[in-house]
Each structure stands twice: as structure tokens, then as C-alpha cells.
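Heads up: the structure comes next, in C-alpha cells.
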Amino acid sequence: MFRFQSLDEDCTLEEEEGGLVEEEDEIDQFNDDTFGAGAIDDDWQEEHKRLSGLEEHKINARGGAGSVTAGGAAGDASSVHLPPPAGHLPSPSSLPQSQHSSQPPPGLDEQGGGDLADALAMLILGTDPAIARACGPVGPGDRSRGLPAPSSLPQHLHPQQHPHQLPSGLPHPSLLSYQQHQHLLRQGAAPMPQMNSHNIWESNMGFGPVSISPGLVTHMEDNPLLSIIKEVGLPTRPPPMMSEDGRDLSERAPPPRSSSPVIGSPPVRAVPIGTPPKQPMNHAMNHHHQQQQIHHPTAIHIRAPVHHRYPPPFPERLSPNTLLNIANSPLCRPPFGPVLSQLQRAQMLNSQVAGFPRGCRGPPLLPGGGGFRPFFGQLPPHRMGPPPNHLACPVFRHNTTHLHPQHRRILTQRMQSRGEDRGGHMGDRRSRDPYSNLMTQREKEWVAKIQMMQLQSTDPYLDDYYYQNYFEKLEKKQERDRDSVRKEHTTKLITPQVAKLEHTYRPVQFAGSLGKLTVSSVNNPRKMIDAVVTSRVDDEEKREKQVWNKRRQILYTVEKMYSLLLEVQDFEKRFMQTPEEEQEALLEQHKTQTLQLYGSLREKEWDDRVSDDQCLLIMSVRKGKRLISRLLPFLPPPQAAAVVMGIARNLPTLAKKDRQDQELCCLVEPVITVVSSLSSTVLTDLLQELQGSDGQLPRVLQNKFGVTLLYLILSEGERMQSSDSNCQLMDDNRWTELVFSVTRELLNVAPSSLSPPFFTPPNLLSLFSRYVDRQRLEQLQEKLQISALSR
Amino acid sequence: MNYMPGTASLIDDIDKKHLVLLRDGRTLIGFLRSIDQFANLVFHQTVERIHVGKKFGDIPRGIFIVRGENVVLLGEIDMDKPCDTILQQVSIEEILEEQRLQQQAKQETEKAKVTALKDRGLSIPKADNLDEY
């Protein structure tokens with residue numbers, strides 16, 4: 001609540017200046033953050049009086065820029081607008097000065113708030129000198145296309161002011177509308193930034209949530225800027241421009257900064273990377289201070305202590321700042337990456353190479369200091385005492401270690417040639433430019449350093465591939481061209497590599513605690529997954545792998561054969577479709593394909609027989625069985641017979657493998673065809689194979705397919721016998737013996753282990769009847785459930 | 001001057017007269033006084049040059065500080081080279097008037113285009129709305 005009171009009291013400024021100060025102390029404690037250190041300490045009134053006195057004096061000295069009386073405040077501004085000096089460039093900076101200077105004193109000293117507000121509005125609005133000059137002579141009529149709002153705004157500003165103020169506001173609409181005009185062009189909207197700033201101040205007088213009584217509002221409206229000034233104090237003005245040369249500019253002091261407010265964050269010590277170098281204000285005071293400040297710790301990087309550059313000797317127009325810089329302190333340390341010893345070595349190298357400009361003080365090089373060579377212009381920025389023509393080509397090399405040697409050479413050549421060309425001109429020109437060297441040497445170095453930092457790389461070939469390659473090519477070309485004797489150019493490229501410093505950061509561990517602190521940062525990322533590569537070297541693993549490999553191979557073979565088979569199968573169709581002349585070719589193709597098929601069944605090339613193993617392998621795969629079944633019709637009889645033989649021979653194993661799939665049934669049909677075309681001897685052989693070793697037959701009988709095959713064989717034999725009276729089946733006794741053994745087996749085997757066949761050929765009974773007696777026949781009949789056939 | 005050999009750096013451009021083109025289309029001419037690592041520029045005795053057709057006009061602006069990201073291109077002006085352009089300098093009012101007319105004409109054509117498209121049921125969104133794509 002006391003703030004309210006203070007404002008009330010503050011309204012009438014002239015009366016209670018003392019009271020003002022007291023209140024101010026209480027307020028400013030809180031506002032310190034916002035308004036900076038300058039707000040508390042300065043006695044603004046003294047400051048203001050001093051400044052206003054100065055400026056008044058100046059204005060009176062000018063004697064023409066307008067009287068500084070109350071009524072003339074506004075007229076002042078307009079009169080200042082109208083006579084624009086012809087020469088543009090230095091004067092715009094002086095024009096706002098005069099405006100600045102003319103406005104506040106009258107406002108504060110005489111009529112108070114209204115005038116001040118008005119004057120400051122003029123100031124803010126009319127600062128654009130170009131526009132002022134441009135619009136001055138032209139009346140407001142031209143620009144009336146501005147929004148109607150502007151004309152009402154000045155009225156809004158001082159609603160209760162004297163009406164005679166309004167004519168002074170007339171330039172406002174024109175100015176405003178011009179500005180808005182510009183904005184319209186650019187943004188298509190019509191903001192009124194200056195007006196807004198007023199409003200901001202009005203509404204945010206530190207009263208945020210508190211509602212404002214209307215009485216206070218008027219007061220505030222009257223003196224928005226006044227109260228600002230009371231609280232803030234006048235900003236430090238740049239020293240008044242006495243003349244047009246730039247001496248004053250370079251002596252200008254940067255505004256005091258409060259770096260650590262009392263309330264709030266702890267004082268900042270580490271200077272972040274983007275901070276420009278400080279301008280030391282006062283040598284004696286700050287030297288010690290600076291020393292302390294400079295040696296602050298920086299995050300991770302190691303800083304090479306960079307020494308200050310050479311001072312430009314005897315400059316005529318040296319600002320006190322630069323002088324101070326020269327005189328004392330080492331450079332502030334903008335952050336670098338870990339700068340290598342190689343860099344420092346390079347510096348030493350450079351120092352030997354570089355020539356010192358004469359007339360210059362010897363550079364105080366810090367011992368053990370690397371750091372960059374001071375930048376030295378081709379000519380000093382200002383004319384020195386003795387004009388140094390011999391300085392035309394300094395051989396300073398600023399840290400070119402990272403450059404390709406070829407590049408370096410080119411650069412030096414270029415520099416020298418440039419130096420020779422421009423030696424004469426630039427010095428003169430530079431000396432005539434009063435504003436030169438606003439950016440001090442130190443600042444330039446600082447910027448360059450930041451940019452250099454980005455060039456450091458651990459792997460130049462990775463980061464800058466094309467650069468490296470280009471210069472290598474250039475080198476080679478030059479060698480080729482000159483056919484040079486200078487072999488040293490073919491030296492390997494020396495690229496500085498930033499040392500990769502391993503910062504193993506171990507987070508703080510507390511004794512006795514369970515687990516570690518999870519601390520992760522950019523430089524120390526947390527390990528999220530503990531992925532470890534393990535390779536199992538078990539034998540079992542190997543075996544499994546082998547098995548799998550083999551299976552894969554079989555499958556592969558099967559697939560290949562399938563594709564061939566499909567081609568062969570499609571042959572008929574295609575044959576029908578192709579025209580006459582191509583049929584031959586197709587036939588040929590067909591033949592080759594079938595040959596290929598047979599070939600794939602053979603394991604060894606020299607052996608024409610079908611390989612058992614291969615067939616078996618194929619048969620072990622489900623798909624392989626189907627393949628064989630489809631393949632069999634296409635095989636020539638001997639091959640087919642061989643296949644069937646193989647099957648018969650290995651039936652037990654096949655049967656065992658087939659237990660899950662039960663795919664052998666697909667073989668039945670083709671086998672029937674094959675068997676029926678067999679000759680007697682082959683048949684006998686087949687039967688023999690089927691019986692095979694001891695104990696095979698029972699196993700055969702267990703399997704459906706086996707039984708079927710057996711029956712097939714027997715029935716075939718029977719057919720042969722019955723059909724052809726002098727068949728050779730009976731020539732040797734094998735057949736009979738075999739049949740006998742089969743019969744025996746059939747009789748002995750238990751019914752449970754005899755699996756029913758796929759089908760029973762009809763003539764079995766007649767077969768058996770030849771060889772066995774009636775009793776056994778009946779038994780067989782029962783067992784095999786052969787229906788009695790008529791003979 | 002061997003600042004940053006082999007690189008493009010603005011340090012050597014300091015205190016020279018430059019022409020800079022900004023992202024909003026403005027052309028500024030002035031003496032480059034100061035830079036920083038973001039290529040923020042401080043221009044002195046700046047002049048904004050407005051070009052309309054073959055005419056141009058200069059508006060003196062004083063000191064300009066340009067944020068680096070808004071710079072499209074920047075080039076040094078060679079003071080020695082003779083200036084033999086066909087461009088004709090006019091007064092500020094005139095050039096502003098010309099610019100206004102140009103803008104107006106452009107807006108009108110744009111408007112006509114939009115209405116024509118609308119009649120046909122099409123719409124071309126303005127470029128500034130396309131940020132999300």
C-alpha cells in the first residue's frame with residue numbers, strides 16, 4: 001500500500017523532492033532486478049541537473065535550434081525538424097541528440113507531466129530523421145491515408161491537457177501514418193509500437209494484480225514517463241557531440257552492467273562462450289579485478305593462456321579503452337577446445353617466421369604461452385608516426401597449422417600480392433574515416449577465435465574431405481606441371497588433430513548406499529543397455545549348425561529340381577503351342593532338361609547309377625518325396641527302377657522318417673506304374689531288396705507303404721506268371737524262395753504289426769495258392785483279409 | 001590481413017562499405033563497423049535503398065544493427081570502381097510512391113488470381129502458412 005501513497009506524493013514533483021528520495025529507497029530494493037544497479041546508487045537529480053545544464057548550455061550556444069521555454073517545447077521539435085542540414089550522414093546522429101536534449105529539460109523544469117509526455121512522445125515518434133526530413137516539408141495531407149486512429153492517439157495521450165497542445169500534435173499524424181505506411185508495406189498490419197510502449201508503461205507500474213483507482217489512472221496518464229524517470233533515473237547519455245569526428249564515439253563508455261543482482265541467482269563466475277571481451281574502464285582499479293576475473297574456471301576445456309596481441313604503435317586516434325587494453329591485461333579467455341601443444345609449437349614456429357613491424361614495441365610474449373599471434377593489419381589502422389612502407393607485406397601467419405601446406409603457400413602469396421597492391425591507398429582512406437576501429441583488435445580476435453574453434457577437428461578427412469582432397473590434387477598437379485625437384489612438397493599432410501581428452505567422469509558415490517547415483521549429462525551419457533556380444537562355441541551348436549546346413553542344402557537341391565521338373569512337365573503344353581519350326585528346338589530343350597534332372601539324382605558324375613544317398617536325402621524331405629513321385633514318370637525305365645530299388649532297399653529308414661509326414665503314399669501311384677513295367681529279373685531283385693537284410697521284412701510289413709509295395713510286387717509276379725506261361729520268373733528259384741519267405745513271414749507276423757495296405761491287389765490269393773497249402777492259405781486269407789477270389 | 005586464413009570471415013570487411021540484403025527484402029548500404037560470431041552486423045551511416053524498376057531512392061537510416069539470421073547476402077562495395085549503372089536516383093517521396101504503386105499493383109493481381117482460382121474451386125495457400133509441412 002505504501003506504493004500507492006508514494007505515487008500520490010510523487011505526482012507533484014516540484015514540491016516534494018525530498019520525500020521522493022525516501023520512498024524511492026524502499027521501492028528500489030525490489031526493483032533492483034529490473035532497473036539495474038544504476039537505479040539505486042545515483043542521485044538522479046544531480047545527474048539530471050548536470051546533464052540538463054550541459055545540454056542547455058549547448059543548445060544556447062547553438063543559438064538557433066529553438067528556445068527552451070515551455071510553450072516552445074512542441075514548436076521546438078517541429079522547428080528542429082524543418083531545417084534539415086544538407087549533408088546527411090553525420091547529422092542524423094546529431095539531430096536526435098538535439099531532440100533528446102531539448103525535450104526533457106523543459107518538461108521537467110517547467111510545466112511538468114503534460115509537456116514531458118508530449119515531448120517524449122515526439123521524441124519517440126519523430127526520431128526517424130529520414131522520415132522527419134522527408135515528411136517535414138510535406139503537409140499531413142499526403143499521408144492521411146493512414147488509419148484514423150493515429151489522429152486520435154495524441155488526443156488519447158493527453159485527454160485533459162490544454163487544447164493548445166493539439167496543434168503541436170499535428171505532426172504526429174503525419175509521422176505516424178508514414179511509419180504505419182511503411183509497416184503496412186512490410187507487414188500488412190498497422191502496429192503502433194510507440195503508442196504501445198506508452199501503454200505498457202501505463203499499465204505496468206508495478207501494480208500488477210492490484211486494481212487501479214481512476215484517480216490514480218489520470219495521474220498515471222499524466223506522468224507515465226515522469227514516474228519512470230523517477231524510478232529509473234535518467235539513462236546515461238552519450239557525451240554530447242562536440243564535433244563531427246569520431247573521437248567521442250570511441251571514447252564512449254559502455255553502460256554499466258549489473259552482473260549479479262543481490263536477490264536471486266548466485267553471482268556468475270564462469271563466462272559463457274558467447275561473451276564479448278570486456279572493455280576495461282579504469283586501469284588502476286580494474287587491473288586486479290580483471291586478473292581475478294579472467295582466471296575463472298571454465299567447464300571442461302583447457303584454455304591455452306592466450307596472450308595479448310601487439311599494440312598498434314603510436315596510433316593517433318587511440319581511444320582510452322584500447323590504450324588500456326594494450327597497457328595491461330592479458331586477454332580474456334574466450335573458450336577454446338583443448339588446444340594442443342602442437343598448436344603452441346606452431347605458434348613458436350610462426351614467431352620465428354613472422355617479421356616484426358618496425359616502430360613497434362616488442363611484444364611481451366608470455367612464457368609458455370601459445371595462443372594466437374596478434375593480428376596485425378597490413379597497415380596499421382591509423383597512420384603511424386613514420387609511415388611504414390616496409391610494412392607492406394608482413395609475413396605474419398595466424399595459426400595456419402590446420403591448413404594444408406599447399407593452401408598455406410597460396411595464402412601467403414595472395415597476401416603478399418594484395419599487400420603490394422593496396423599498400424598505398426588503404427592507409428589514407430582509413431585515416432580519413434573517423435569511425436574506424438570501433439571494433440577493437442581484441443574484439444576481432446575474439447570473434448576469430450570463436451570461429452577457429454569450430455574448425456578444430458579430430459579427423460580432418462572425415463570433417464573436411466573435399467578440402468583435403470582438393471589441395472592434394474592441387475599439389476599433385478603442380479608437381480606434374482613443374483616436374484619439380486622440390487621433393488619436399490610431397491610430404492605428408494600435417495593436420496593438427498585435437499587431442500581427444502578422455503574425461504572419464506565418475507559420479508559421486510556415497511559409501512554404504514545402495515546403487516550409484518544416476519547422473520548423466522551430454523559429456524557423460526548414461527549407459528542404457530549392457531549389450532555384450534557372446535558367441536557360443538559349443539560342439540552341439542556346431543553339430544546343429546551342420547545339420548541345418550545340410551538340410552538347407554537338400555532343400556535347395558529339391559527346389560532346383562522342382563523348377564526343372566516343372567519345365568519338363570509343361571513340355572507337352574508348350575509343344576502343342578509352339579509352331580512347327582520351333583518344335584525341334586523345344587524338343588532339344590526338353591531333352592536337356594530331363595537329362596539335367598537325372599543328373600541331379602546322380603551323386604557322382606562317373607557313375608551312371610542313381611545314387612542312393614542323394615535319393616535318400618531328397619526323400620528325407622517331405623517336398624522331396626513329392627518331387628520323386630512326380631519325377632518318376634519322366635525317368636527312363638532303368639533309372640526309375642533304380643529309384644524304386646533304392647526306395648525298397650531303404651524302406652525302413654524311409655518309413656521311420658516318414659512317420660510324421662505320411663507322405664509315402666504319394667509314391668504309390670508312380671511306383672505302381674514302375675513296377676508294372678519291370679522285367680522279371682528286376683522284379684525279383686526288387687523283391688529281394690525289399691526283403692533285404694534280416695528283420696527288414698517285418699519292419700516293411702509294419703509300414704503301409706511297405707506292405708503295399710510288397711503286394712504290388714507279388715501281384716506283379718503273379719500276373720507275370722499267370723499271363724505268360726513261359727516267363728522267366730521261375731527260371732531261377734529266387735522268386736519262389738522269396739515268395740516262400742514272404743509267406744512265412746506273413747504267417748508269423750502278429751496281426752497287430754501288420755498294417756493294412758493302401759490297396760490289395762486281387763490276384764494275391766492266386767499267388768499264394770501256388771505256393772502254400774490250403775491250411776496256410778486260409779490263414780493268410782484271414783490275416784490279410786483277402787477275399788476269396790474265384791480262380 | 002590474415003584473420004582466419006582459408007575461411008570466409010567478416011573480420012576483413014570491417015570498416016568497409018557494404019551492401020546487405022535482408023530476408024524481408026530490404027537493401028541496406030553502410031559501413032560495417034562490428035560483427036560477432038553469429039554474423040550480427042552493426043552498420044554505420046546506413047542507407048536503405050529502395051528499388052522500383054529502374055529508379056531507386058535512398059533513405060538515410062543512421063546506425064543499424066542487423067541480427068545475423070536475417071541476412072541473405074552481404075557484399076563489399078568497391079569505392080574505386082566507377083558507377084555506371086542505368087539506375088536513376090530519385091527523391092525519397094517519389095520512390096516511396098513508386099513502391100506503393102508497385103505493391104498495390106501486385107496486390108491487385110494477387111487478388112485477381114485468388115478470386116479466379118476460387119471461382120474454379122482451387123486455392124493456393126500462402127507460403128507463410130506452410131511452416132508445418
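Residue numbers start from 1 in every chain, and the chains themselves are labelled A, B, ... in the order their sequence lines are given, proteins ahead of strands.
Here the side chains of L438(A) and S34(B) are not in contact, with every heavy-atom distance at 4.5 Å or above.
For L10(B), no part lies near chain A; criterion is any non-hydrogen pair under 4.5 Å.
Nearest heavy atom pair, residue R33(B) against residue M439(A), reads O-CB, 3.4 Å. D15(B) and N437(A) make their closest contact through OD2-N, 2.9 Å (heavy atoms, listed as atom of the first residue, atom of the second, distance).
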